[in-house]
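Notes follow once the structure below has been shown.
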There are 2 protein chains.
Amino acid sequence: MAKQHELREKGLRLTPQRELVLQAVRELGHATPEEVAEKVRSTHPGINLSTVYRNLETLENVGLVLHTHLGHGGATYHAAEELTHLHLVCSVCGSIGDAPIDTAANFVNTLADDYGFKTDVTHFAIYGTCQKCSK
Amino acid sequence: MAKQHELREKGLRLTPQRELVLQAVRELGHATPEEVAEKVRSTHPGINLSTVYRNLETLENVGLVLHTHLGHGGATYHAAEELTHLHLVCSVCGSIGDAPIDTAANFVNTLADDYGFKTDVTHFAIYGTCQKCSK
DNA sequence: ATTGCTTTTGCAATTTGTTCGCAGGTATTA
DNA sequence: TAATACCTGCGAACAAATTGCAAAAGCAAT
């Protein structure tokens, strides 16, 4: 059996737009739909914003990308395999820092043990003030 | 010296709309701007949605109310004195549970010690699956 | 009370972010 | 290569939040 493309393995059609959206998400790290569209358009100007939205949704449904809320407004998208860190969003300068997911391990365990709540710790931002801004 | 109204103490003018917005936030616990407007309109139909938005912003600037992000879309507002708990938002049923703020104390300390990041733990929701939905 | 200055409000229009309907185009399977 | 889903582009529709402006109202000093 021939090697399947990752999109086809998930039961999706292999369209240029879809591959470009996935590639853009992977290259950008964190990105809003708007940013993804802009990235894709830098090489393929014709792509429509709705197509980006639809593909992000589709790719999320099959588990290749995920979204996170970093505060106001829109979600930001990540490649699923890269979402291995917390987001430390600074309320002053808006910077987005990273911390290993293990930093929250005890917190997550406590919520599970005490409240039966299974925390998806990557889905929300950690809000606060970064080192630079708290001086 | 006569007792000042709490709004005047903050240097704000005392308008009926402003008092009503603050009162609504206090009575509702968590509320979106839309919900605040609805509450206020139940007794004072004329109030405009922009007025609610502007007053929420003003009241937040002087520290009487705060907002929290519970996921998609809009912020939800709280009276400043009531924001003493974490919000456990269930991704399945949408319910909003509470947990004492101390639950996150170790987590917050770790972020401060290791990253110099001062976490505002009430500003973001804790996303996951509640006990009921994870069965 | 009245005056005058400043803030606040209501309203309508605008901006921004996201979704939808539909007609034409394209990937896939047989 | 023909049939048939599925996908895309496009514009319209939507929703949420913001803004400009003129009228109204709060406040301090007369």
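Here is the naming used below: chain letters follow the sequence lines, and residue numbers restart at 1 for every chain.
- Although no hydrogens or angles enter the test, the distance criterion places a donor-acceptor pair under 3.5 Å between the side chain of B:Thr68 and the main chain of B:Thr122.
- The stretch residues 50-66 of chain B touches DNA chain C through B:Ser50, B:Thr51, B:Arg54, B:Asn55, each having a heavy atom within less than 4.0 Å of the strand.
- Ring geometry for B:His67 versus B:Tyr77: interplanar angle of 30 to 60°, hence tilted.
- The six-membered or imidazole ring of B:Phe124 lies near that of A:Phe124, with a centre-to-centre distance under 6.0 Å.
- Under the 30°/60° scheme for interplanar angles, the aromatic rings of A:His78 and A:His30 are found to stand perpendicular.
- As a whole-Å value, the separation of A:Ile47 CD1 from D:dC10 P is 11 Å.
- Between B:Gly74 and A:Gly46, it is A:Gly46 whose nearest contact on DNA chain D lies nearer the 5' terminus.
- Between the P atom of D:dC14 and the CG atom of A:Leu49 lies a distance of 19 Å, rounded to the nearest Å.
- Inter-residue side-chain proximity for B:Glu57 and B:Val65 is flagged as unmet; no heavy-atom pair is nearer than 4.5 Å.
- Taking atom CG on A:Leu14 and atom P on D:dT8, their separation rounds to 11 Å, with Å as the unit.
- Annotation: B:Glu38, atom CD; neighbour count of heavy atoms from other residues, nucleotides and ligands within 6.0 Å does not exceed 12.
- Within the structure, a side-chain polar atom (N or O) of A:Gln17 is placed less than 4.0 Å from OP1 or OP2 of D:dG9.
- The rotation axes computed at either terminus of the helix from C:dA1-D:dT30 to C:dA30-D:dT1 lie 30° apart, taking five pairs at each end and rounding to 10 degrees.
- Along DNA chain C, the stretch of nucleotides lying under 4.0 Å from any heavy atom of chain A spans, 5' to 3', C:dG17 to C:dT29.
- Remark: the A:Arg13 side chain and the D:dC6 base include a donor-acceptor N/O pair separated by less than 3.5 Å.
- When atom types are taken as modelled, the side chain of B:Thr58 and the backbone of B:Arg54 share a donor-acceptor pair closer than 3.5 angstrom.
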Check residues 18-29 of chain B and write down every donor-acceptor pair under 3.5 Å in which the side-chain atom is one partner and the other belongs to a residue at least two apart or another chain.
from: B:Arg18; atom 1: NE; to: B:Asn55; atom 2: OD1; distance (Å): 2.8
from: B:Arg18; atom 1: NH1; to: B:Arg13; atom 2: O; distance (Å): 3.1
from: B:Arg18; atom 1: NH2; to: B:Asn55; atom 2: OD1; distance (Å): 3.3
from: B:Glu19; atom 1: OE2; to: B:His5; atom 2: NE2; distance (Å): 3.0
from: B:Gln23; atom 1: NE2; to: B:Glu27; atom 2: OE2; distance (Å): 2.9
from: B:Arg26; atom 1: NE; to: B:Glu81; atom 2: OE2; distance (Å): 3.0
from: B:Arg26; atom 1: NH1; to: B:Glu6; atom 2: OE2; distance (Å): 2.9
from: B:Arg26; atom 1: NH2; to: B:Glu6; atom 2: OE1; distance (Å): 3.0
from: B:Glu27; atom 1: OE1; to: B:Lys39; atom 2: NZ; distance (Å): 3.1

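- A:Asn109 CG to A:Leu111 CG: the interatomic distance, rounded to the nearest 0.5 Å, is 9.0 Å.
- In this structure, A:Asp120 and B:Ser91 have side chains that are not in contact, with every pair of non-hydrogen atoms separated by 4.5 Å or more.
- In this structure, B:Asn48 places its CG atom 18 Å from P of D:dA22, rounding to the nearest Å.
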Give the table of side-chain donor-acceptor pairs shorter than 3.5 Å for residues 92-107 of chain A, with sequence neighbours excluded, one pair per line with atom names and distance.
from: A:Thr103; atom 1: OG1; to: A:Pro100; atom 2: O; distance (Å): 2.7

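- A heavy-atom distance below 4.0 Å to DNA chain C is reached by these residues of residues 18-36 of chain B, ordered by number: B:Arg18.
- A chain of hydrophobic side-chain contacts below 4.5 Å, direct or via other Ile, Leu, Val, Met, Phe, Trp or Tyr residues, connects A:Leu7 to A:Val40.
- Using the six-membered ring where Trp is involved, B:His69 and B:His123 have ring planes that are perpendicular, over 60° apart on the 30 and 60° scheme.
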